[in-house]
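Throughout, protein chains are lettered first and strands after them, A, B, ... in sequence-line order, and every chain is numbered starting at 1.
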Amino acid sequence: MNFLTSLNESQLKAVIHPGGPLFVVAGAGTGKTKTLTSKIAYLILEGMDPSKILAVTFTNKAAREMKQRVIDMTGPYATSVWLYTFHAFGLQILRKHIAELPYGYRPNFTVIDDDDQKKIISDQIKDMGLDLKMFSVKGLRNLFSLYKMKRIDDFEKTEEEKIFLRYQSYLRESQLVDFDDLLLYPLEIFETIPKIKTYYQNYFQHVLVDEFQDTDHIQYCLLKILGEVHRQVFIVGDPDQSIYSFRGANYENARFFERDFNAEKIILDQNYRSTNLILQAANQLIQFNLNRPAAKNLESDKGLGDAPYYHHAMNDFQESFFVANEIQRLHQLGIPYDEMAVLYRNNVLSRMFEDTFIKSEIPYIIYGGISFYARREIKDALAFIRLALDFNQDFYLKRVINVPKRQIGQVSLQKLEQKAKDLNLSMFKAIDYVEVTPQAKKGMQDFKQMMIEIHEAFLDMESLDEIMALLMAKTKYIESLREEGDDIADDRIENLMDLKTVFSRGDHYYEGTFTEKLIQQLDQISLYSDLDQDVEDINRVRLSTYHQVKGLEFQAVFMVVMEEGIFPGDRALGSSFEIEEERRVAYVGMTRAKQKLYLSYADQRMLYGSMRHSLPSRFLKESRIKTEDNNDREQINTSSKHMLQTGDHVLHQIFGKGVVIRVDSDIATIAFDFPHGIKKILESHPSIRKVKKEN
DNA sequence: TCTCCATGAGTTTTT
DNA sequence: CTCATGGAGA
């Protein structure tokens, strides 16, 4: 067990902990994954049957990577470890046992995503004859998720609750489950069917949970049941990095765990990622949170390093300009683009940076658009496939019956749905009986014929790789995209090709008949939020929200738009609970940085079409980062029209001494000393200061 | 049924 | 500002 020697004292203590419930408080960059995977490897090498170990993570990526690391440490024997996300685990349980719940589900149910949920909810509202404008569908979806999480079942009869009940029965009638159900139903199974509960409680000798601060109530209940008998529960997490409470995560679960399991606690606070001035700023900041189930101070052996750098810009443009310049400078110093990240509180804030990066020719990539499987064309393709597998799937039929356009509008669709209800048939079968305009009828029959052909072609198919070609040929989807002449038609076509790649990969990955493979592949897709993007090896700066870089690290991190009202956001200002969560978000951001941390803010920026004036975020003061305002105030006040003229000598904070060789409108061209050379810089840019010659 | 415009909404989102 | 959506008119 060579790997044990690479652990530090606390990590080792956790790994060889003799047993019983253990809470490992793993601060940012303290070797959390290493400890968890070493623990699993240790258990296996000590003789534990890997198939009796259940380890749960929150992302598929984490699950996959952890499994690989365990296999690397112990050999292929470890493949049988149950290493899943909570949701994937729940799905497994449901595929086996869902029929035992009294809701009429069959094992071949389908998992729907958020957009499907919204669609169903708004359909219910319309069906009830209510005015859609009176409700926020998005709000209802969150509310329903909350209902499920809190397991509310005695309803008063508010309109919302009626919609919820209809939503729930629609799912059940249609053999659909949502993401919440993937956790809730397994819990219900365990709670109501003692035989099944006892089986799994006894079966899993060890239960391990990663990112424990992100568990919600249902997940905690599941954990409590699964760990109850053997009490070999090993959880790893950092309550200071809990940033998903809006999705139900409850970092107080850490306290519940210590209490309910009478667990021991080991703290990992030796950081291996960042230099210490960065860590000190992060430590300072998080101290302002009063509610910390596991307080700690991070420290590393990487020296003090550079102090976090604070930049005060006059407006959003100048802020982005500062960041772009700094990125180029760091790049020249040898930091690769993909070791730099620009982080912001919400997605709208990315735009200014994108524009500037395009102008400055800085390669970048934005994560956080619509995820691959949520794209229209992908969802359409999957709907065709699901419908071809089972013509009874009305929900998917509704999605694609008019794709591409077949003269079937809302009215015809409604008639079809009604007819299906009256005759107690699937909508697919009701096509033969419905009375609609001749064009619509023809469209429906063409559609039906096409689906039958696809279905029959599936019967003869052997590899998943063939699916997309057939689908595109039959549906003429690509042709219709081209005809529409959408500017993003090419992107859509490319996405469909990517989906084909996903399927052909599935051919090698899954076993069984074509249909068996396909069903596994579809399950996988339901649970995956994005494509395995390991192809992306181009060197780009990452633009992202804080939430999306949790767990990642970069040599240089730019935390931009550090403005009161944005970060922390307006909505958080009234509640200390929310402010603390925002502070944790900032803490997560700071602890991503290995060597360079920049925080910036602008006095004014364009947001939602109007000018917004902001004060610096309280998080700047709280982390005690030295501000440059004192040196700069003078310069800012004197920044009027044409501060600079040709021949002026300037001092730039980063590029040092230079001479102005040209001024065009507001851009000055300045020759700096070696190695920086000639740069174009906004003449009023706060990082430039005019100096007297030979100063 | 489709297309075009007015209207309103606009955190964060592992699954 | 930008995007999605729903209603009115062709």
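- Listed pair A:Thr85 / B:dT14 fails the phosphate criterion, with no side-chain N or O lying under 4.0 Å from OP1 or OP2.
- Heavy-atom neighbours of A:Met134 CE from other residues, nucleotides or ligands within 6.0 Å: at or below the threshold of 12.
- For A:Phe353 and A:Tyr364, the gap between ring centers reaches or exceeds 6.0 Å.
- In this structure, A:Lys118 places its NZ atom 15 Å from P of B:dA9, rounding to the nearest Å.
- You cannot call A:Tyr546 stacked on the base of B:dT12; the centres under 5.5 Å and planes under 30° rule is not satisfied.
- Among the heavy atoms of the strands lying under 4.0 Å from A:Lys405 are primed sugar atoms or P, OP1, OP2 only; no base atom is included.
- No contact: A:Glu581 has no heavy atom under 4.0 Å from any strand.
- Interface remark: the A:Arg345 side chain does not form any donor-acceptor pair with the B:dT11 base, using a distance-only criterion of under 3.5 Å.
- Per the geometry, CZ belonging to A:Phe372 stands 19 Å off P belonging to B:dT13, to the nearest Å.
- Residue contacts shown for A:Asp114 include a base, since a base heavy atom lies under 4.0 Å away.
- What separates CG of A:Asp115 from P of C:dA4 is a distance of 11 Å, to the nearest Å.
- Nearest nucleotide to the side chain of A:Glu582, out of B:dT13, B:dT14, B:dT11: B:dT11.
- Residue A:Asn347 places at least one side-chain N or O closer than 4.0 Å to OP1 or OP2 of B:dT13.
- Rounded to whole angstrom, the span from the CG atom of A:Asp180 across to the P atom of B:dT14 amounts to 14 Å.
- Regarding the sugar-base torsion, B:dT11 falls in the syn class, its angle being within 90° of 0.
- A:Leu132 comes within 4.0 angstrom of the backbone, heavy atoms only, and of no base.
- Between the side chains of A:Gln117 and A:Tyr167, at least one donor N or O lies within less than 3.5 Å of an accepting N or O.
- Across all strands, A:Gly409 comes closer than 4.0 Å only to sugar-phosphate atoms, never to a base (heavy-atom distances).
- In this model, the phosphate group of C:dC1 is not approached by any side-chain N or O of A:Ser610 to a distance below 4.0 Å at OP1 or OP2.
- Backbone-only contact: A:Asn346 has heavy atoms under 4.0 Å from sugar-phosphate atoms and none from a base.
- Of the side-chain N and O atoms in A:Tyr608, one or more sit less than 4.0 angstrom from OP1 or OP2 of B:dT11.
- Ion pairing of A:Asp178 with A:Lys148 is present here, as a side-chain N (NZ or NE/NH1/NH2) and a carboxylate O approach within less than 4.0 Å.
- Between the CZ atom of A:Arg612 and the P atom of B:dG10 there is a distance of 15 Å, given to the nearest Å.
- Dashed line: the shortest gap from a side-chain N or O of A:Gln548 to OP1 or OP2 of B:dT12 is not under 4.0 Å.
- When the nearest nucleotides of DNA chain B are assigned to A:Ala572 and A:Phe58 by heavy-atom distance, the more 5′-ward of the two goes with A:Ala572.
- Side chain to side chain, A:Tyr220 and A:Asn250 fail the donor-acceptor criterion of an N or O pair below 3.5 Å.
- For the pair A:Asn402 CG and B:dT1 P, the interatomic distance rounds to 9 Å; values are reported in whole Å.
- Candidate nucleotides B:dT1, B:dT11, B:dT14 were compared by shortest atom distance to the side chain of A:Ala440, and B:dT1 ranks first.
- Residue contacts for A:Tyr244: at a heavy-atom cut-off of 4.0 Å it reaches a base atom on one of the strands shown.
- Both the sub-6.0 Å distance and the 45° axial angle are satisfied by A:Arg584 relative to the ring of A:Tyr251.
- The residue A:Val411 sits close only to the backbone: its heavy atoms come under 4.0 Å of sugar-phosphate atoms, none of a base.
- The distance between atom NZ of A:Lys138 and atom P of B:dA9, rounded to the nearest whole Å, is 13 Å.
- At the heavy-atom level, A:Glu578 lies under 4.0 Å from base atoms of the strands shown.
- Closest-nucleotide positions on DNA chain B for A:Gln410 and A:Lys61 were compared, and the one nearer the 5' end corresponds to A:Gln410.
- The pair A:Asp355-A:Arg351 does not count as a salt bridge, with every side-chain nitrogen at least 4.0 angstrom from each carboxylate oxygen.
- Protein atom CZ of A:Phe246 is 8 Å distant from nucleotide atom P of B:dT14, rounded to whole Å.
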